[in-house]
Protein chains: 2
Amino acid sequence: MYPNGMIELSILGFLYDEPLHGYELRKRVAALTGHVRPIADGTLYPAIKRLERDGLLERDPQPGAQAAPKHVLTLTAAGRAELRRRLAEPDEPFITDENRWFTMLAFLRHLDEPALQAGVLRRRLAFLTEPASFFWDGDRPLRAADFDDPFRKGLFTIATATSRTEIGWLRETLAALGA
Amino acid sequence: MYPNGMIELSILGFLYDEPLHGYELRKRVAALTGHVRPIADGTLYPAIKRLERDGLLERDPQPGAQAAPKHVLTLTAAGRAELRRRLAEPDEPFITDENRWFTMLAFLRHLDEPALQAGVLRRRLAFLTEPASFFWDGDRPLRAADFDDPFRKGLFTIATATSRTEIGWLRETLAALGA
DNA sequence: CTCATAATCATCGTCTCCGAGGTATATATC
DNA sequence: GATATATACCTCGGAGACGATGATTATGAG
């Protein structure tokens with residue numbers, strides 16, 4: 001459906017709070033994910049157009065002194081519903097891919113039912129606690145100690161440490177949401 | 001140049017060790033990054049073709065009892081050089097994007113000069129130690145304490161913890177490489 | 001014996017991404 | 001007065017990602 005869609009999620013997420021024009025949107029998206037992968041005009045504006053075409057947002061031209069007239073973008077009711085839908089039933093990559101997952105976290109508060117929020121966190125927790133390895137020798141998963149080179153060792157060290165931290169946070173937050 | 005290129009890096013990386021046929025390659029790539037984003041045949045085989053077209057690998061059909069005859073893929077000298085080049089001078093996303101960076105770590109040992117390896121680690125270290133924030137209020141970077149919602153707080157908590165772990169590992173490993 | 005799954009490779013169409021290029025004004029700097 | 005930078009939007013073309021679909025044979029389960 002939306003094979004990449006991280007930018008679309010960001011747009012919907014930022015506009016859910018308040019109407020913005022494209023240029024301001026670009027700055028916010030750049031702050032959120034730009035350090036990982038910079039956002040290009042050629043990516044943002046077509047994405048806005050897609051969302052408009054699909055009836056998820058409307059644009060109001062604002063007369064003004066600017067070179068190109070600002071277009072204030074506002075989510076429609078369908079757009080607001082679509083954001084909640086994408087947050088409540090994310091495609092797998094939004095759970096497994098860290099960049100997409102972080103974008104989910106940035107906007108998950110817009111899903112105002114704690115039960116739905118908890119459902120999403122539980123999916124992430126299930127993914128992180130599932131046994132996995134980066135390398136295999138036949139059926140045997142290889143572990144840090146199986147490697148001589150410090151880089152593959154580091155890969156395991158970092159992956160394990162970061163997932164442990166996040167698992168802790170997920171358990172705490174799930175407990176808080178249940179209460 | 002190679003705008004996404006993570007799959008190409010994996011292919012070059014795995015073949016650097018030993019010739020493999022496509023199906024086996026698919027399993028290894030799937031183990032390395034498939035949990036994050038599954039690898040589709042429609043992605044892998046065209047990527048192999050590109051690399052062949054560019055003279056980076058050669059394929060030898062193996063007669064056998066299989067349905068479709070295996071093609072054993074071997075890196076050419078140009079392919080081996082190209083892997084080392086991509087490892088030594090990675091495009092920015094290979095430093096900043098965690099998925100690509102992990103792929104770098106998986107194969108960085110193939111860059112056999114410690115000075116070059118250290119250069120790459122230093123770029124990652126510079127990226128991680130650079131001050132950054134996900135959200136801003138005008139010019140002021142917002143921090144975990146500025147948010148009420150637990151998800152954005154979690155975003156900061158997790159990002160900070162994981163980057164601290166990795167910074168530690170980078171410093172240690174850089175010290176070891178220097179010695 | 002049948003049915004499913006693993007093994008093995010391939011293509012096609014659709015969508016998204018992204019860099020490059022384009023236009024125009026206001027403001028700040030030199 | 002000139003030059004750069006920020007503001008503000010847009011398009012086009014090339015390339016990659018990916019799901020769908022397809023084909024054949026061996027093996028294992030029921």
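Convention: sequence-line order gives letters A, B, ...; per-chain numbering from 1.
- If you measure from atom CZ of B:Arg26 to atom P of D:dG19, you get 12 Å, rounded to the nearest angstrom.
- The base of C:dC18 has none of its N or O atoms less than 3.5 Å from a complementary donor or acceptor on the side chain of A:Asp41.
- Across the protein-nucleic acid pair, B:Ile39 atom CD1 and C:dT8 atom P stand 17 Å apart, rounded to whole Å.
- Applying salt bridge (Lys or Arg N to Asp or Glu O under 4.0 Å) to A:Glu8 and the options A:Lys49, A:Arg86, A:Arg53, A:Arg100 leaves one that passes, A:Arg86.
- Straight-line distance from the NZ atom of A:Lys70 to the C1' atom of C:dT23: 18 Å, rounded to whole Å.
- Summary of the strand contacts: B:Lys27 and B:Pro46 both lie near DNA chain C, and taking for each the nucleotide with the nearest heavy atom, the more 5' one is attributed to B:Lys27.
- For B:Glu58, the CD atom sits in a loose shell: 12 or fewer heavy atoms of surrounding residues, nucleotides or ligands are nearer than 6.0 Å.
- Look at A:Arg59 and you'll find a side-chain N or O under 4.0 angstrom from OP1 or OP2 of D:dC10.
- Aromatic ring centres of A:Phe107 and B:Phe151: separated by at least 6.0 Å.
- Listed nucleotides C:dC17, D:dA8, D:dC18 differ in distance to A:Ile7; the shortest reach to its side chain belongs to C:dC17.
- A close approach under 4.0 Å does occur between a side-chain nitrogen or oxygen of B:Lys49 and OP1 or OP2 of C:dT11.
- Regarding contacts with the backbone of D:dA17, a side-chain N or O of B:Arg50 is found under 4.0 angstrom from either OP1 or OP2.
- Look at CD on A:Glu92: it is 14 Å from P on D:dC18, rounded to the nearest Å.
- Between D:dA8 and A:His21, a contact under 4.0 Å exists linking OP1 or OP2 to a side-chain N or O.
- An OP1 or OP2 oxygen of D:dC9 is reached within less than 4.0 angstrom by a side-chain nitrogen or oxygen of A:Tyr45.
- If you check D:dA6, C:dA7, C:dC18 against the side chain of B:Tyr23, the one that comes closest is C:dA7.
- B:Thr103 and B:Ser10 get closest at one heavy-atom pair: CG2-OG, 3.5 Å.
- Heavy atoms of A:Gly22 sit under 4.0 angstrom from primed sugar atoms or phosphate atoms, though from no base atom.
- Per the geometry, CD1 belonging to B:Ile48 stands 14 Å off C1' belonging to C:dT11, to the nearest Å.
- B:Asn99 has its CG atom 14 Å from the C1' atom of D:dA17, to the nearest Å.
- For the pair B:Thr43 and A:Arg53, nearest-nucleotide mapping onto DNA chain C gives the more 5' position to B:Thr43.
- At whole-Å resolution of the value, CZ in A:Arg37 and C1' in C:dC17 are 8 Å apart.
- The shortest distance between side-chain heavy atoms of B:Leu15 and B:Leu51 does not fall below 4.5 Å.
- Atom C1' of nucleotide D:dA17 and atom CG of B:Leu44 are separated by 12 Å, given to the nearest angstrom.
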